[in-house]
Number of protein chains: 2
Amino acid sequence: MARLRRLSTAQADFDARLAELLAFESAQDSQVEATVAAILADVKRRGDAAVLEYTRRFDGIDARTMSELELPTKRLEEALTRLPAEQRDALTQAAARIRAYHERQVQSSWSYTDGEGTLLGQQVTPLDRVGLYVPGGKAAYPSSVLMNALPAKVAGVPELVMVVPMPRGEQNELVLAAAAIAGVSRVFTIGGAQAVAALAYGTETIPQVDKIVGPGNAYVAAAKRRVFGVVGIDMVAGPSEILVVCDGSTAPDWIAMDLFSQAEHDELAQAILVSPDAAYIEAVAASIERLLPQMERQAVIRAALERRGALITVRDLDEACAIANRIAPEHLELSVEDPERWLPKIRHAGAIFLGKYTSEALGDYCAGPNHVLPTSRTARFSSPLGVYDFQKRSSVIRVRAAGASRLGRIAATLARGEGLQAHARSAELRVGEEGD
Amino acid sequence: MARLRRLSTAQADFDARLAELLAFESAQDSQVEATVAAILADVKRRGDAAVLEYTRRFDGIDARTMSELELPTKRLEEALTRLPAEQRDALTQAAARIRAYHERQVQSSWSYTDGEGTLLGQQVTPLDRVGLYVPGGKAAYPSSVLMNALPAKVAGVPELVMVVPMPRGEQNELVLAAAAIAGVSRVFTIGGAQAVAALAYGTETIPQVDKIVGPGNAYVAAAKRRVFGVVGIDMVAGPSEILVVCDGSTAPDWIAMDLFSQAEHDELAQAILVSPDAAYIEAVAASIERLLPQMERQAVIRAALERRGALITVRDLDEACAIANRIAPEHLELSVEDPERWLPKIRHAGAIFLGKYTSEALGDYCAGPNHVLPTSRTARFSSPLGVYDFQKRSSVIRVRAAGASRLGRIAATLARGEGLQAHARSAELRVGEEGD
């Protein structure tokens with residue numbers, strides 16, 4: 001029996017219970033922080049030598065030079081060629097769909113000229129070089145390689161440096177094949193805080209990147225937080241989450257399995273069902289009981305459901321949408337009839353899956369949108385990983401003589417109001433000039 | 001005499017000298033960190049009571065209730081009405097130009113449907129509530145209020161909560177007038193880490209926001225770093241920077257004053273001139289000598305120029321552009337003939353000012369683009385503050401029965417490759433179904 005928490009908006013203390021359910025503090029472990037700070041400082045100072053030493057200590061790889069820790073591109077191609085055809089086709093088709101979707105996100109430079117001939121705009125350019133962190137071992141996901149690398153490629157980033165630890169030499173063929181498909185430039189078999197440091201500061205062998213993306217363990221997350229500012233980073237993700245809003249029209253087994261697909265990630269994952277139909281909620285609970293023993297990862301699923309899962313009865317779908325906005329989930333399934341009707345009511349969610357056929361799993365792999373999504377209510381202010389994370393903008397301004405006179409007077413007035421005389425003088429020197 | 005550093009790309013050790021010039025480590029003071037951590041935890045736990053206590057202690061304001069620390073909207077309107085007409089007009093015109101420019105940045109929801117009827121897109125929505133930090137005292141800049149608040153308003157953020165400390169009750173009329181023009185919703189006269197905490201966690205009186213923007217001192221910066229994740233934050237800015245690339249065709253006095261306008265911000269500000277014309281560089285140096293004694297903030301300007309300024313001779317403008325990309329400056333003046341010719345060569349800069357009439361000061365106040373720009377080489381991976389910082393995206397996916405079958409098989413193959421059976425089953429349950 002999975003002991004699933006049941007809540008109802010009819011309960012007087014519902015708000016407090018929901019707040020308790022959502023509470024998740026990503027404790028920053030001071031021991032991890034101290035270890036990471038020391039590794040970062042050491043790699044910054046000693047470069048390759050420090051990376052080799054930590055890789056020996058943590059991954060059990062006794063390399064003498066960094067070149068032993070670089071995989072040649074043809075190794076990636078081999079991995080792709082050797083894959084079973086079904087897997088190769090699946091990866092290739094997923095990559096094509098992800099690429100097509102992300103091509104719609106490309107932003108272009110723009111400008112306009114006002115009445116005085118002042119040119120204003122933004123020049124949009126890709127980052128020069130991006131670092132892609134890929135976890136080793138069991139959490140090595142080829143889909144993550146595609147989702148992190150392809151938006152950078154579509155943005156036009158010329159160089160993509162991947163790091164992936166291979167403790168005791170274990171190589172994940174699917175990950176290498178995905179790197180080949182995604183067009184990764186170079187691959188180093190290093191990981192942990194030392195890999196983040198090498199990418200952030202550069203070493204004799206590893207080029208400094210401008211941004212580091214990709215998931216990792218607590219050490220990797222702490223290292224990314226610390227190097228933020230020296231390089232850009234993507235978000236530091238919390239546990240994965242799904243919120244399913246269902247009107248009762250979807251087969252209960254389907255919804256049960258959708259909840260499982262989130263819960264199987266880890267014991268801290270959060271899977272919540274919200275429905276106005278109390279009988280339907282019990283039908284899904286029954287499906288959960290029946291299907292759980294069939295699952296390979298049933299221990300993890302059960303732990304996640306009991307720890308952070310919930311079945312919530314609401315008055316109606318309007319109230320369900322209000323709860324969705326409060327939760328701001330990473331994944332939101334609107335498994336209802338006429339889902340487009342409810343879409344405009346959703347203000348905060350990483351990804352929204354409309355209608356009963358749209359299982360979250362399709363979005364995780366191959367629908368096209370990115371599976372790197374804001375967690376822990378950060379969808380209130382952040383977005384899925386996208387091409388826009390690998391492009392940046394420079395403001396562009398060209399003022400002609402007439403504009404310099406008119407704008408110069410305004411700027412000088414404001415600058416003097418702020419006590420900044422040199423700003424005022426700099427603007428005033430161009431007032432009253434004639435020219436083009 | 002200002003002892004200005006002179007460099008030349010002809011020097012054998014130029015790269016090392018340039019690296020040394022650019023080195024700036026924003027030391028994270030552990031005493032500041034500890035103080036801030038304690039204040040954040042206290043405000044999170046005790047809410048208003050803690051805010052009142054810190055405001056008493058740090059700002060010398062003995063308020064008994066938070067309502068004494070809230071300024072009514074009509075107080076802002078009064079400030080605007082009472083301003084001298086010239087200042088009011090300058091603020092109003094600057095605001096109109098900033099608004100017009102930022103309206104070009106608004107992003108809209110988009111979607112498309114593929115051959116199988118799969119709907120894919122992104123729903124773009126504004127943040128619900130934004131907190132705006134405005135420093136008190138001498139560094140209180142009305143232009144900052146406009147630059148931080150207007151993009152949020154243009155994005156459609158319904159609620160803007162401003163905090164501005166008023167130590168010993170000092171009120172800055174220009175700042176309040178700017179808040180009125182920008183349409184700030186509520187103003188609390190609190191500051192420091194306690195104000196950041198109140199916005200991030202919410203108190204009995206102060207509503208929790210989704211993002212905090214605006215500059216502040218070391219305590220404010222440390223507090224913003226710490227609450228990042230609970231709320232969004234804008235960048236944590238380093239010292240201001242200008243790089244002027246000049247072909248020698250601009251009056252030396254103009255360029256000297258442009259360098260001053262950056263240097264007057266503070267002693268850590270960086271002002272650099274790059275030119276292929278060695279004689280012109282000496283002419284600018286002479287202008288600096290002549291003009292410096294006329295400047296109100298000459299002590300600060302001199303300190304900044306001597307500490308972090310430089311005059312750099314290059315072989316040609318191509319080399320100047322390469323150096324600009326390496327420096328990735330916050331502000332870049334291309335004070336050259338035919339500046340559009342060189343624009344495509346610039347990959348990294350916060351804002352680019354084209355031609356001799358376009359002084360940086362115009363961009364600081366009223367040209368239209370934002371003056372909140374990436375510093376300390378972060379233009380390699382980040383952008384000016386913009387409307388896009390106050391909008392976020394949700395992926396939208398709707399798969400129909402046919403798509404669920406085809407995509408379900410791909411997803412299931414990849415999920416099994418990653419050892420995620422529930423993902424595979426969730427997709428497979430929808431394979432082979434018929435429907436709309």
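Quantities reported herein were computed from a predicted structural model and do not represent experimental measurements. First the proteins, then the strands, lettered A, B, ... as listed; each starts at 1.
- Between B/F228 and A/F228, the ring planes lie parallel to each other; the angle is under 30°, not in the 30° to 60° tilted range.
- Both the backbone and the side chain of A/A367 come within less than 4.5 Å of a heavy atom in chain B.
- Only the side chain of B/D114 comes within contact range of chain A, with heavy atoms under 4.5 Å apart.
- Atom CD of B/E86 sits in a sparse spot, with 12 or fewer heavy atoms from other residues, nucleotides or ligands closer than 6.0 Å.
- Looking at A/S394, its side chain does come within 3.5 Å of a backbone N or O of B/A349 through a donor-acceptor pair.
- The distance from atom OG of A/S111 to atom CG of B/L343, rounded to the nearest 0.5 Å, is 9.5 Å.
- The CG atom of A/L414 sits 8.0 Å away from atom CG of B/L174, with the distance rounded to the nearest 0.5 Å.
- Remark: the backbone N or O of B/R347 is paired with a side-chain donor or acceptor of A/K392 at under 3.5 angstrom.
- Looking at B/A415, both its backbone and its side chain come within 4.5 Å of chain A, counting heavy atoms on both sides.
- Of the atoms belonging to B/Y388, it is side-chain heavy atoms, and not backbone ones, that fall under 4.5 Å from chain A.
- The CG atom of A/L119 lies 9.0 Å from the OG1 atom of B/T358; values are rounded to the nearest 0.5 Å.
- When side chains are defined from C-beta on, A/C366 counts as touching B/I410, because their heavy atoms get closer than 4.5 Å.
- Interatomic distance, A/S395 OG to B/L332 CG, rounded to the nearest 0.5 Å: 11.5 Å.
- Counting only distance, with no hydrogens or angles, the side chain of A/E296 and the backbone of B/Q421 share no donor-acceptor pair below 3.5 Å.
- Only the side chain of B/D364 comes within contact range of chain A, with at least one heavy atom under 4.5 Å from a heavy atom of that chain.
- Side-chain N or O atoms of B/K211 include none that pairs as donor or acceptor with a backbone N or O of A/R380 at under 3.5 Å.
- If you measure heavy-atom distances from A/N172 to chain B, you find no contacts under 4.5 Å at all.
- Remark: side-chain polar atoms of B/Q123 are paired, donor with acceptor, to backbone N or O of A/I346 under 3.5 angstrom.
- In terms of non-hydrogen atom pairs under 4.5 Å with chain B, the most contact-rich of A/A90, A/S261, A/P84, A/G368 is A/S261.
- Residue contact with chain B, scored on non-hydrogen atoms closer than 4.5 Å, involves the side chain of A/E333 exclusively.
- Residue pairs meeting the salt bridge (Lys or Arg N to Asp or Glu O under 4.0 Å) criterion with at least one member in residues 401-413 of chain B, sequence neighbours excluded, are B/E116-B/R406.
- For a residue to count as touching a neighbouring chain, one of its non-hydrogen atoms must lie under 4.5 Å from one of that chain's; by this rule A/L420 touches chain B with backbone and side chain alike.
- Distance CG/B/L334 to CD1/A/I397: 12.0 Å, rounded to 0.5 Å.
- For B/T125, the part sitting under 4.5 Å from any heavy atom of chain A is the side chain, from C-beta outward, and nothing else.
- Both the backbone and the side chain of A/Q87 come within contact range of chain B, judged by heavy atoms closer than 4.5 Å.
- Neither the backbone nor the side chain of A/L259 has a heavy atom closer than 4.5 Å to any heavy atom of chain B.
- By the 30° and 60° cut-offs, the orientation of the rings of B/W110 relative to A/Y101 is tilted.
- Side-chain contact, A/D210 with B/H348: no donor N or O sits under 3.5 Å from an acceptor N or O.
- We find the CG-OG1 distance between B/L362 and A/T118 to be 8.5 Å, quoted to the nearest 0.5 Å.
- With a 4.5 angstrom heavy-atom cutoff, B/V209 touches chain A only via backbone atoms.
- Take A/L291 and apply the side chain to side chain contact (heavy atoms under 4.5 Å, CB included) test, not counting sequence neighbours, and it matches A/D253, A/A256, A/M257, A/F260, A/S287, A/Q294, B/R425.
- Between chain A and the options B/A404, B/A263, B/S426, heavy-atom pairs under 4.5 Å are most frequent for B/S426.
- Considering only heavy atoms from C-beta on, A/R393 stays 4.5 Å or farther from B/Q105 through its side chain.
- Checking side-chain atoms of B/E433 against main-chain N and O of A/Y357 turns up no donor-acceptor pair under 3.5 Å.
- Looking at B/V175, there are no atoms closer than 4.5 Å to chain A (heavy atoms on both sides), in backbone or side chain.
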